[in-house]
Amino acid sequence: MTRTDDRKEADDTGPSGYAAARLHLLNQGVRSGPPRRTALAGLTDDWLTGLFTAAAPAAKGISLVAVGGYGRGELSPRSDLDLLLLHDGSDPAAVAALADRLWYPVWDLGISLDHSVRTPAEARKTAGEDLKVQLGLLDARHLVGDLGLTAGLRTAILADWRNQAPKRLPELQELCAERAERHGELRFLLEPDLKEARGGLRDATALRAVAASWLADAPREGLADARRRLLDARDALHLVTGRATDRLALQEQDQVAAELGLLDADTLLRQVYEAARVISYAGDVTWREVNRVLRARAVRPRLRAMLGGGKPVAERSPLAEGVVEQEGEAVLARTARPERDPVLPLRAAAAAAQAALPLSPHAVRRMAATARPLPTPWPAEAREQLITLLGSGRPTVDVWEALEAEGLISRLLPDWERVRCRPQRNAVHLWTVDRHLIETAVRASALTRRVSRPDLLLVAALLHDIGKGWPGDHSVAGEIIARDVAARLGFDRADVTVLATLVRHHLLLVETATRRDLDDPATVRAVADAVGSESTLELLHALTEADALATGPAAWSTWRASLITDLVRRVAAVLAGEHPGAEPEPAAPTAEQERLAIEAHRTGGPVLALRAQAEPGPPEDSAETGEPLGVELLIAVPDQPGVLPALAGVLALHRLTVRTGGLRTLRLPDDVEDDGSVLLLDWRVAAEYGSLPQATRLRADLVRALDGSLDITGRLAERDAAYPRRRGRAAPPPRVTVAPAASRHATVIEVRAQDAPGLLFRIGTALEKAAIRVRSMHVSTLGANAVDAFYVTSGTGAPLPPEDATATARTLEEALRA
């Protein structure tokens, strides 16, 4: 059926015909995108025109006007209809009757309707009071009736908008900023709102309004295509969900991608992020220009009076060779010749970032069009300018985005293209891969005083996740890319090796400190062997902190920092020539730990202390404040089977989440008469909701769990049955592995799984059934992910044979998958 056929069917059969024609149109995939939106708007135009004509065949002084998205002729499958019934006020009763004949058929079809009935004067008055109404009227389009009435309103609204622009545009900018604060940055969200988030369709509409004011205009390159991509994604989302939603939820992304003919959800998100990046950058440039023009208008009358009416000349202050500051931007000097100076883009970017100035989009566009490529390897000046740019702190972000908007970054660093706008499906991460890399460089710039080679730290920060654009382990792939990039940048062979090592092992310190027994000499030796030198260790320490801070709040804390600092101290000692003893030297117990251990031995049962615990204050060179870690739960219990599953089960029953957890065997002091040992458990816990239980209740339940009178498995099963799981994106399956050569004294089993109530109880139960003894453990929760390491031995206290270790890991993984 052609578009003409669709319209004919709507005309012939009224509302039911329109509904059938609309359904037929939406089901024709070949008409997706702008053609389908235009066809749907045209079909709706014809239907409404028919309704209007049938109800008021000889109406005068009245017209039907489409506004907003419908006024632009952009109807998505579930879009509402924005309509204005415009009249001259001569016959209010006839207008009211006509309104009923128009609105009710729309409602009867279940189509959302945003309607108003106004005279031109009322419309102008409402627009003057309500910015959103005025924005909608800027896209007013005549449908049927008195064309002169509609044209007069359009002319008046545009004139009002242009006359009031100095007042209304700051109001519009504030509205955009408030919306961004509420809905976030579209290009970094895993479940973005395509309309309301920053860089979304609302912002694109705001840019159209700025252009209509004639005060400033947005960069046009790629803007129309970006709007089209977001509209296409919203169309597909409407069809997939059958709802008028703009939120691209995780569970719908694969279906939306399929509807658009894309490979997968990641491809969809990259397209959406790229479109949002274009719109966000256009918005930054446009609002900067609006503010510049408004400032100039405010100052110009006074300057003219001072200069006797002459035109003021903009001041130009030099920033670097070929780069000057003019009107609050870094621009090219009149003598600059990008076609002869391949280093100019980096020099201009570094100068702008150092001066905390935006880089002029006109300058970037000119350099992108005319600058020659850098030779390989880069000259020393180019490398130094890149390092200066990376070390400029927060201003680096905006300058980098300006270069990226014109494709200069991918031209300078071709490997950047694979990580550009790449999503990270991990709730711990706040940013896409490319923005995370820049954010890490920003964080690293504050740590450059701690290292002897800040240039290597900054470049490693830029490259540490560059392998995420390739299959396999991103650290392994990144090492290869880092070697190539570092050589291309002109670093010598020794520096290339250091950068490759930093990229390959950028997760080594945090993973070892939180998942390994630092008292085991094998742990420290393995890190020392991987790092190789004290100078590289110094760089890796700073890179680890910058990477974690750039990831998000869940990835860093002063507690985690203290663990890493302890590990670095031990590794530095080994690299300096000190050798740890053959046997691990466990940390001496505190006075309170020793007291609890003696009391547990004396009473033959568990003894615990539960108290609020805040992290120690930050180091002097840190701007962070101490942050609460929840509550410290310290338990001493005579060494016996089943302690781990019993305690984990009791905590799960009381809805306590384990944030970190440690377990070790504590020998009793020499002055205690009986020989024996006590298990010491030092955990940080937090209530899922509500208040914490009393310590006496926890101890009573733990006693019952240890003697078998508390059926933890049954109680947890009853609770799970009473509270069915919420729908959402399916979590990846758990993974259990044996860490090779991680310890000479125990077998290290690593568990990575979705954090859930009772997870640690299930792990402890499975290990207990396998007659495996947990010598120590290191439990941590990162966002929704549990990352646990268990040092286990056989009943005789020896590490497990390789085949037994593999079988245990497989059994544990199967138990967690069940």
Side-chain angles (χ1 to χ4, degrees), residues 440 443-461 463-464 475 479 482 494-550 555-588 615-622 624 660 662 664 739 741-745 748 776 778 780 789 791:
T440 305
R443 297 287 188 166
S445 69
L447 307 177
T448 52
R449 298 295 184 269
R450 286 176 23 183
V451 298
S452 58
R453 288 293 303 275
D455 58 335
L456 296 183
L457 172 62
L458 292 168
V459 174
L463 299 178
H464 74 279
S475 298
E479 177 185 11
D495 288 346
V496 168
T497 300
V498 172
L499 285 169
T501 300
L502 292 173
V503 172
R504 175 66 182 87
H505 296 297
H506 69 272
L507 298 174
L508 177 64
L509 295 183
V510 70
E511 289 184 345
T512 303
T514 58
R515 306 176 195 175
R516 293 289 180 268
D517 185 353
L518 302 190
D519 292 323
D520 192 328
T523 298
V524 179
R525 171 56 64 188
V527 176
D529 291 343
V531 174
S533 70
E534 291 182 74
S535 59
T536 303
L537 177 65
E538 174 188 70
L539 288 167
L540 188 60
H541 189 188
L543 175 61
T544 300
E545 180 173 341
D547 182 17
L549 289 171
W556 192 247
S557 66
T558 48
W559 166 78
R560 188 167 279 116
S562 67
L563 291 180
I564 292 171
T565 299
D566 184 26
L567 173 60
V568 169
R569 177 183 57 78
R570 296 171 187 244
V571 174
V574 172
L575 291 172
E578 299 178 21
H579 298 283
E583 293 297 324
E585 295 289 340
E615 292 190 316
E620 292 182 1
D621 62 343
S622 172
E624 296 179 51
T660 64
R664 64 187 175 111
S743 172
R744 289 179 294 172
H745 309 284
V748 180
S776 66
H778 304 272
S780 60
Y791 285 66

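Quick caveat, the model's predicted, so the values are computed rather than measured. The figures that follow rest on heavy atoms only: side chains count, while hydrogens, waters and symmetry mates do not.
Remark: Ile564 CD1 to Leu508 CG distance equals 10.5 Å, nearest 0.5 Å. Rounded to the nearest 0.5 angstrom, Thr512 OG1 and His505 NE2 are separated by 10.0 Å. Between Leu549 atom CG and Arg443 atom CZ the span is 5.0 Å, to the nearest 0.5 Å. Within the model, atoms CZ of Arg664 and CG of Asp519 stand 7.5 Å from one another, a figure rounded to the nearest 0.5 Å. Distance CD/Glu538 to CG/Leu540: 11.0 Å, rounded to 0.5 Å. The OG1 atom of Thr544 sits 4.0 Å away from atom CG of Leu509, with the distance rounded to the nearest 0.5 Å.
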Original post:
What do the steps show when you test His541 against Val451 for side chain to side chain contact (heavy atoms under 4.5 Å, CB included), and what is the final call?
Top reply: CA-CA 9 Å; His541 189 188; Val451 298; over 6 Å; no
**OP:** Start with the C-alpha distance between Leu507 and Asp547, add both sets of side-chain angles, then the distance that settles side chain to side chain contact (heavy atoms under 4.5 Å, CB included), and finish with yes or no.
**Re:** CA-CA 9 Å; Leu507 298 174; Asp547 182 17; 4.2 Å; yes
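Counting all heavy atoms, side chain and backbone alike, Val574 lies closest to Ala528 at CG1-CB, 3.9 Å. Here the shortest heavy-atom pairing between Val748 and Ala789 reads CG1-CB, 4.4 Å. Closest approach of Tyr791 to His778, counting heavy atoms only: CE1-CD2, 3.9 Å. Scanning both residues, Glu545 and Trp556, for their nearest heavy atoms gives CG-CZ2, 3.6 Å. Nearest heavy atom pair, residue Ala444 against residue Ala546, reads N-CB, 3.7 Å. The heavy-atom pair separating Ala542 from Arg450 by the smallest distance is CA-NH2, 4.0 Å.
In this structure, the side chains of Leu543 and Leu457 come closer than 4.5 Å at one or more pairs of heavy atoms. Between Leu502 and His464 the shortest side-chain heavy-atom distance does not fall below 4.5 Å.
A salt bridge does not link Arg570 to Asp520: none of the charged nitrogens lies less than 4.0 Å from a carboxylate oxygen.
In this structure, Thr440 contributes its side chain and Ala461 its backbone to no donor-acceptor pair below 3.5 Å.
The salt bridge (charged side-chain N to carboxylate O under 4.0 Å, His left out) search around Glu534 returns none, not counting sequence neighbours. For the salt bridge (charged side-chain N to carboxylate O under 4.0 Å, His left out) test, residues two or more places apart in sequence or in another chain that qualify with Arg453 are Asp455, Asp495.
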